[in-house]
Amino acid sequence: MDWDRLITIEQMEAATNELLETGKKVGADSWQQRVKNQTPHCGFGEAGTCCRICSMGPCRITPKSPRGICGCDVHGIVGRNYLRFTAGGSATHSDHGRQICHTLYQTKEGGSYQVKDPEKLKRIAHEWGIETEGKDIYDLAHEVAETGLLEYGKPFGVQRFLKRAPEHTQELWHNAGIEPRAIDREVSQAMHMTHMGCSSLPEALIKQSLRAGLSDGWGGSMMGTEFSDVLFGTPKPMDTTANIGVMEKDMVNIIVHGHDPSLSEMIVFYAQDPEMVALAKSVGAKGINIAGVCCTGNEVAMREAIPMAGNFLQQENVVLTGACEAIVVDVQCIFPALGPLSKCFHTKFVTTSPIARMPDSDFIEFHEETAAENAKAIVKMAVENFKNRNPELVHIPQLKTKARVGYSVEAIKKCLDGVTNSHVDLTGTTRPLVDVVKSGVLRGAVAMVGCNNPKVRPDTAHIELMKKLLKNDIIVILSGCSAQAAAKAGLMDPDAKEYCGEGLRRVCELVGIPRVVHMGSCVDISRMMVLASDIAKDWGINISQIPLCGCAPEWMSEKAVSIGNYVVATGIDTFLGVDPYSKGSSEITELLQGETGCKEWVEAHFVVETDIEKLGDKMIECIEAKRTALGI
Ligand code: SF4
Ligand code: SF4
């Protein structure tokens, strides 16, 4: 096994250190320094044993004071905190999905937003029982968007997309009483349940966490993904580049950061506008270079092959290059630190959403109705800012890799069709994948997702785990900042054939896919749920029986907790490298990680293991145990 061609963590850290040197020159703050200032963290917060949901408190649980003033015990407090954590994540993803529904509702012939994938729109309409025959595509788009928006507050029934799951999974959800109803209702009910004097029964709190998570994964996130495909195109495999070296010294660099593709797609479009390119040349640049950070970066990489400059903990690095004319953000995972940091350079920090207002930014409110003029104004501002660069501060570390991206479920099935004998077998299924897993050429799959977290040496857990899994013939499907970690290291390079076990190498060569498969942004984890459902149906087994697990080794956000809940609730064991503030309660820990609770209700549970080597071993054991249980 030769890993030599990978960009190492040490190389990435050396590049970051060079950038921090530039930061020092201009008196910039950094997350590395702020971590030091905040360490050690409060032990009560880390264990989840403090409560401040009413003004009789704050209360904290110790052996001497085993109950809060209201009498709530440690299990109730930890459980309530966990549920609120989930609700925050579910609300965030779901609001993103709502925004996309609104964008779909704004589409019109010749407008800023149009329907790029009418076939997918029609498929969803059929699925939802909406008549398509003889309808204008935009009338249909508006009807589907409106139906989607009603999913957020409908008075009766459950989420429409639940029907995509195998019947067995739907039954589990029904029997456990965790089928998500209206999306907003689940978040709102979580807040109600966790009010002082409502639920303190651990079982009820964890069940609502699963339900709020499901309302995200099989509701808000799924609509976000599906309608983004309808609007901007369903991703297909394409080649791009990754790491900080994608920024160009002689060009106007615009970084898009955040989550919502409605903004970034428009910025990408106007950066190619001949008028803007001419303007860039008139200020002495060779052109306009767009690169992405975090999930907005993933969205435009998946659909437009826009380079990925970095993931969560590299967001400050792009400014520190001194070559960033504008960092344009929408919502989520944006460090407020970017405001003061950009003031140390010529960089314009452009906020665009009323949901994410920050000090020291230029606020250009982005509306679906005025998207074209907003995007043009932002691009123009960035181009005109090129002349304000301080050449002495410009330093772009030369780290850059090739990456193949764009694996939607549709694209994966298309690749699998390439190895299907269409005279004998159906195309458009996951059967070829099932066959190689059954035969043992592939041992199984891990869905690796989630963030960076300074508690883990950034990107190490992602990359080391991927290497270990690949070596063991386990294919890795990726999203979010985990995908970007792989891309930055060079693991997504389609030519990097040596980085895996013999069986996996053969499968990848035959099917023509890279060893690690980029499935998109964080909302696109919903794609993984659809893929798991389809595999279970094609195989004729339950999702929980597939040799498959989920993993978030460096997670940090509430969204990641919501994701964890819906992945577990879908029947997929989920491995975490950072503790979800639950260790203060043995009962909550048992419900989440033990053999009762989640395991009994949905046939899967969490495994928390902060030793990354052991985390990898446990995943491999889990996959092998599932194989043994299937007799394969
Ligand atoms: S709800 Fe109970 S435990 Fe929480 S702060 Fe109020 S009194 Fe304390
Ligand atoms: S993986 Fe985590 S840090 Fe990265 S964009 Fe998603 S939620 Fe944010």
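Counting convention: from 1, in listed order, for ligands and their atoms alike. The analysis underlying the following values was restricted to heavy atoms, covering all of them including side chains, and did not include hydrogens, waters or symmetry mates.
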Checklist line | Distance-only donor-acceptor check, side chains D330 and T296, under 3.5 Å | finding: yes

Check: So, E299 and R303, do they make that salt bridge, N to O below 4.0 Å?
Finding: yes

Note to self: At less than 2.8 Å, would any N/O/S atom of H259, backbone or side chain, sit next to atom 8 (Fe) of ligand 2?
What the structure shows: no

Check: Quick one: does Q484 get within less than 4.0 Å of ligand 2, heavy atoms only?
Finding: no

Item checked: Within reach of ligand 1, part of R80 (heavy-atom separation under 4.0 Å) -> side chain

Item checked: Residues T589 and S586: side-chain donor-acceptor under 3.5 angstrom -> no

Check: At the 4.0 Å heavy-atom cut-off, does A560 count as touching ligand 2?
Finding: no

Margin query: Keeping to distances under 2.8 Å, can you name the protein N/O/S atoms close to atom 2 (Fe) of ligand 1?
Written below: C70 SG

Margin query: We want to know whether K559 and H96 form a side-chain donor-acceptor pair, criterion being a heavy-atom distance below 3.5 angstrom.
Written below: no

Next item on the list: Could you tell me whether C451 approaches ligand 2 through its side chain, its backbone, both or neither, with non-hydrogen atoms closer than 4.0 Å?
Entry: both

Item checked: Distance-only side-chain donor-acceptor flag, E13 / N17, under 3.5 Å -> no

Next item on the list: For the pair K402 and D239, find out whether any cationic side-chain nitrogen is under 4.0 Å from an anionic carboxylate oxygen.
Entry: no

Check: With a 4.0 Å heavy-atom cut-off (strictly under), which part of Q332 contacts ligand 2: side chain, backbone, both or neither?
Finding: neither

Notebook entry, point to check: Would D524 and S521 count as having a side-chain donor-acceptor pair, cut-off 3.5 Å?
Noted result: yes

Next item on the list: Evaluate the side chain to side chain donor-acceptor pair (under 3.5 Å) criterion for residues D95 and Q99: first the C-alpha distance (whole Å), next the side-chain angles of each, then the deciding distance (0.1 Å), finally the verdict.
Entry: CA-CA 6 Å; D95 217 27; Q99 200 60 40; over 6 Å; no

Check: Can you tell me if an N/O/S atom from C294 lies under 2.8 Å from atom 2 (Fe) of ligand 2?
Finding: no

Notebook entry, point to check: Under a 4.0 Å N-O cut-off, is there an ion pair linking E316 with R34?
Noted result: yes

